[in-house]
Each structure stands twice: as structure tokens, then as C-alpha cells.
Amino acid sequence: MKTFGMALILSSITFCAITGRAVAAAPPVACFDSHCDTQLDITHADITALLVGCDTAQSGDRVLVNGKAQDGTLWTLLGVSPVEEKPLDPHWRSAAARLQLPIPTTYPEVRFQLRPGYYSALTVSVGDCNFDPLPLTTAGASGDRHIILIRQPTPSLPAVDASGTGGAYGYVPLPGLQITLTGGSPQQTFVARDEVDPNPLEPPHGEFYMYFFDSVTPGQYNMAVSGFGWTKGLGNVVVSRAGDVVFRYIHGNELGLPGK
């Protein structure tokens, strides 16, 4: 009996050791709102795309990014929201009905998590809606993007070719600022996309202010930030080669905003 008990203990130790190695070798899993993925997913960018011209989009539609289904590494689908009526005051709703006016609706949208990097020609399809390629810069962690995709019923428009370019992004202390990069050879000026993301952990306003340059030819550029009636130069930004994504945090004290 003792021999059997000792054998059982040794077998348990061996099993635990093997299981421990297997668990250690397996990638960690992160879960958000019942959605589970590998550790890579933690630093992926959340993309919210409004779908213009795709009113038939439904929550169960098949979604492809760059022609690929979700794999949990390159990208993960968070959901598709179909068209919904916007909430209206009962008085305005009845007035619209009397005048036979349509009730305003939301745009459908698709939400997915995308691996950080520079995509020279990102394509998205939702159900039977296809959207032309576009250059897109994605960042990790809090680098969320809010973009608009416009359905092209015919393939007559030329596709974006940004294979020789890169991207840049960063944070700014205030909303509504214009960020430009001027330089390169021949000289060009690029204007950043300015996007605002809600952030409940950031008091008192609960928002992040971010900018994105989605297609920048490699080279050295002078950065400038403009507000209402003022412009301030912030030195150089270098995009070394095609496909690079450059991060530049714009601090409040650089703009004369102490404490920001």
C-alpha cells in the first residue's frame, strides 16, 4: 500500500512538472468583455470604422482585413454594429412623422483590434461591402483609431499605393490643434489627423488627444503645431525608411502650457 501511495505521489509530481512546463510555454490569455486572446492582443490598437454606403451591414457579417479572417495575432474582430435609429424627443419624432421625414440613423460600424505597425494599403470588407485600400498607422496600448471607410461600388478609382511611405503618431495636450511636417526631397507638407479618444482613467476631462500621419515619405521634417492665431516649431522628426512608424510626444510645456 505504501509502495502504491509513493508511486502515486511520484506520478503526480511528474505530471505537475510536465503540466507546469506546458503551461509556461503556452502564451498567456487576456479576456475583455468575454473576448479572449493571446498576450499580443493586449498591445493591439482598437480600430473603430464607420461604414459609409454599407447600410446592409449586420452583426453576423463576415469581416476580412487585408483579405484574412481574424487570427488573434494580426487582428481580432470585436463586432459589427448595424444601422440604428437615433434617439429623438417624442415631439420631434411625431413632427417628422407628420412631415413624412425619415428618422435619422447612425452609420454602421466595425470594431476590431489590429497589430501595431504601418499598413500601406489596408483593405476591409464587411459582408458584401468592400472598401478601397488606405494607408493606416496603428499604435499599441492606447493608440486607438477612429476612421471612416467609404464603400466604392465600382473599382474605377485607383487604389492607394503607399508602399514607399511610413507613418508617425503621438499625443498632444489639447484638442483642435493642427500638426504639420514639412521637409523631404522634394519638399512636402503633411497634415496630421487629429483624433480624440475617451479615457475614463484620465481626469478631469477623460480624453486622450492624439495625432496620426498615415503616409509620410522617408526623410527629415520640421514639425509645427498651430492653434488659433499661433504656430510653434518643435524641431525635427525623421522617418528613416518605408514602413517605419515614428512616435513623437508633444508636451504641454513645449507649447507654453506648464503642467500639461
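In this text, all values refer to a predicted model and were calculated from it rather than measured experimentally.
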Taking it one step at a time, do L51 and F131 satisfy side-chain contact (heavy atoms from CB on, under 4.5 Å)? CA-CA 9 Å; L51 308 178; F131 303 92; 3.7 Å; yes
side-chain contact (heavy atoms from CB on, under 4.5 Å) between R115 and T73, worked out: CA-CA 7 Å; R115 188 172 184 173; T73 301; 3.9 Å; yes
Kindly indicate, with the supporting measurements, whether the criterion side-chain contact (heavy atoms from CB on, under 4.5 Å) is fulfilled by S81 and R111. CA-CA 8 Å; S81 298; R111 301 177 309 283; 2.7 Å; yes
Run the numbers on D128 and R151 for side-chain contact (heavy atoms from CB on, under 4.5 Å), then give the verdict. CA-CA 10 Å; D128 63 355; R151 184 182 188 180; 4.1 Å; yes
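From I47, atom CD1 reaches atom CG of L78 across 10.0 Å, with rounding to the nearest 0.5 Å. For the atom pair L114 CG and L74 CG, the distance stands at 6.0 Å (nearest 0.5 Å). Once rounded to the nearest 0.5 Å, the distance linking CZ of F212 with OH of Y169 reads 8.0 Å. To the nearest 0.5 angstrom, T123 atom OG1 is 4.5 Å from N66 atom CG. Going from atom OG1 of T106 over to atom CG of D55 covers 9.0 Å, rounded to the nearest 0.5 Å. Interatomic distance, M210 CE to E195 CD, rounded to the nearest 0.5 Å: 8.5 Å.
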Show me the donor-acceptor pairs within less than 3.5 Å that the side chains of residues 215-225 make with the rest of the protein, sequence neighbours left out.
residue : atom : partner : partner atom : Å
S215    : OG   : T165    : OG1          : 3.2
Y221    : OH   : T217    : O            : 2.5

Report, one line per pair, each donor and acceptor closer than 3.5 Å where one atom sits in a side chain of residues 176-183; sequence neighbours left out.
residue : atom : partner : partner atom : Å
T182    : OG1  : T189    : OG1          : 3.2

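Hydrophobic cluster membership differs between Y107 and L77, with clusters built from Ile, Leu, Val, Met, Phe, Trp and Tyr side chains linked at under 4.5 angstrom. No continuous path of ILVMFWY side-chain contacts below 4.5 Å connects L50 to L134, so the two sit in separate hydrophobic clusters. Connection of V191 to Y211 is not established within any shared hydrophobic cluster, with ILVMFWY side chains joined at heavy-atom distances below 4.5 Å, either directly or through further cluster members. Hydrophobic clustering (side-chain heavy atoms under 4.5 Å, transitive across Ile, Leu, Val, Met, Phe, Trp, Tyr) keeps V110 apart from L64.
Using a 4.5 Å heavy-atom threshold, the side chains of I147 and L149 count as touching. Considering only heavy atoms from C-beta on, E254 stays 4.5 Å or farther from P173 through its side chain. Side-chain contact between P116 and H44 is present, with at least one heavy-atom pair separated by less than 4.5 Å. Counting heavy atoms from C-beta outward, L255 and N253 have side chains that stay 4.5 Å or more apart. Side-chain contact between T48 and D144 is absent, with no heavy atoms from C-beta onward closer than 4.5 Å.
In this pair, Y171 and F247 present their aromatic rings perpendicular. The plane angle is above 60°, beyond the 30 to 60° band.
Considering all non-hydrogen atoms of both residues, P133 and A121 come closest at CB-CB, 3.8 Å. Between C129 and T56, the shortest heavy-atom distance links the atoms SG-OG1, 4.1 Å. When all heavy atoms of V83 and P108 are compared, the pair lying nearest together is CG2-CD, 3.6 Å. Residues S226 and T231 share a closest heavy-atom pair of OG-OG1, 3.0 Å. Nearest heavy atoms, P135 versus Y118: CB-OH, 3.6 Å.
In this structure, the side chain of W75 engages the main chain of K68 through a donor-acceptor pair within 3.5 Å.
Evaluation of the side-chain contact (heavy atoms from CB on, under 4.5 Å) rule for N130 yields S125 as partners, not counting sequence neighbours. With sequence neighbours left out, the side-chain hydrogen bond (donor to acceptor under 3.5 Å, both in side chains) criterion links S185 to no other residue.
In this structure, F213 has its ring center no closer than 6.0 Å to that of F190.
If you run side chain to side chain contact (heavy atoms under 4.5 Å, CB included) between F112 and each of V65, V80, V63, T76, only V65 comes through.
Sorted by first and then second residue, the salt bridge (charged side-chain N to carboxylate O under 4.0 Å, His left out) pairs involving residues 213-231 (not counting sequence neighbours) are R145-D214, R193-D214. Applying the ring pair (Phe, Tyr, Trp, His ring centres under 6.0 Å) test to every pair with at least one member in residues 47-72, sequence neighbours left out, gives no pairs at all.
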